[in-house]
Amino acid sequence: MKQFAGLLFLCILLLSSNAGDADSGLISNLCKHSDDPKLCLASIQDSPESRNFAATNNEIEIIAISVASANASATSTYIKEKLSLEDLEPAMEVTLEDCQKNYQDAVEQLDDSVSAMLANAHTDVDVWLRAAISAIESCDSDLVSRAGNDAELSQRNKVFLKLCKNALMINKMLT
């Protein structure tokens with residue numbers, strides 16, 4: 001137990017020594033290779049975590065994955081609110097229920113990505129990010145083929161996919 005406490009103290013000390021050292025040049029360099037460099041840069045730099053740490057590529061990737069996860073959680077909440085409406089068409093209700101499950105799966109997969117990143121298992125990060133992307137592509141496909149009348153969810157899907165692809169690109173640069 002004492003060894004764990006000592007290790008925990010050391011980790012806190014190392015993280016706090018990097019506090020406030022966010023390297024915007026490093027973030028810019030990583031984001032310039034993404035499909036949407038402006039979104040990549042803004043999403044990482046606007047994240048509260050980037051003010052506490054973002055001095056290494058790994059830390060930046062964790063932030064990118066966390067941003068995508070927060071986006072997925074917010075979209076999941078949006079879908080829950082839509083499902084609570086009483087005047088939903090049956091096709092839309094089924095689509096939203098499927099999308100809700102897909103977003104819940106995506107959040108779990110992104111959590112697994114962060115765990116893999118912390119273990120420096122970049123191949124696993126790639127697998128989990130691709131699984132999250134696939135889940136939301138399925139939601140988007142269902143939205144178009146079944147119901148197609150929720151422009152906001154469609155836009156949220158697009159942003160989520162871009163955020164995941166940004167994290168995936170950063171991961172590729174680290175391997």
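Quick caveat, the model's predicted, so the values are computed rather than measured.
- Remark: side-chain polar atoms of S138 are not paired, donor with acceptor, to backbone N or O of S134 under 3.5 angstrom.
- Residues S76 and Q104 are in side-chain contact: their nearest non-hydrogen atoms beyond the backbone lie under 4.5 Å apart.
- S113 contributes atom OG, which lies 8.0 Å from atom CD of E61 (distance to the nearest 0.5 angstrom).
- Between R146 and D98 the shortest side-chain heavy-atom distance falls below 4.5 Å.
- In this structure the side chain of I170 reaches within 4.5 angstrom of the side chain of I44, judged on heavy atoms.
- For the pair V94 and M92, the minimum side-chain heavy-atom distance is 4.5 Å or more.
- Scanning all heavy atoms of the two residues, the minimum distance from F160 to A68 falls at CE1-O, 3.5 Å.
- The shortest non-hydrogen separation linking V159 to L39 is O-CD2, 4.4 Å.
- Between the side chain of S69 and the main chain of I65, no donor-acceptor pair closer than 3.5 Å is present.
- Interatomic distance, L143 CG to I136 CD1, rounded to the nearest 0.5 Å: 11.5 Å.
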(request) Kindly determine whether R156 and E152 satisfy salt bridge (Lys or Arg N to Asp or Glu O under 4.0 Å), including the steps that lead there. (result) CA-CA 6 Å; R156 286 173 175 267; E152 177 156 350; 3.1 Å; yes
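- Side-chain atoms of H122 and N120 include a donor-acceptor pair closer than 3.5 Å.
- Taking OG of S43 as the start and CG of N166 as the end, the distance is 6.0 Å to the nearest 0.5 Å.
- Of all heavy-atom pairs spanning L83 and E97, the tightest one is CD2-CG, 3.9 Å.
- A 4.5 Å side-chain heavy-atom check between V114 and L110 finds every atom pair outside the cut-off.
- Listed for the T77 side chain is a donor-acceptor partner under 3.5 Å among the backbone atoms of S73.
- Taking the side chain as every heavy atom from C-beta outward, Y78 and L153 approach each other to under 4.5 Å.
- Contact of the C40 side chain with the P37 side chain is not registered, since no non-hydrogen atoms from C-beta on lie closer than 4.5 Å.
- W128 and V67 are members of different hydrophobic clusters when ILVMFWY side chains are connected at heavy-atom separations under 4.5 Å.
- Considering all non-hydrogen atoms of both residues, Q109 and A135 come closest at OE1-CB, 4.2 Å.
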(message) Show, in sequence, the C-alpha distance, side-chain angles and deciding distance for N157 and Y103, and conclude whether the side chain to side chain contact (heavy atoms under 4.5 Å, CB included) test is met.
(response) CA-CA 10 Å; N157 289 345; Y103 268 98; 2.5 Å; yes
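- Taking a cutoff of 4.0 Å between a charged side-chain nitrogen and a carboxylate oxygen, K162 and D36 qualify as a salt bridge.
- Of all heavy-atom pairs between L129 and C164, the closest is CD2-O, 4.4 Å.
- Residues L88 and K82 come closest through the heavy atom pair CD1-O, 3.3 Å.
- Using a distance-only test at 3.5 Å, with no hydrogens or angles considered, a donor-acceptor pair links the side chain of S145 to the main chain of S141.
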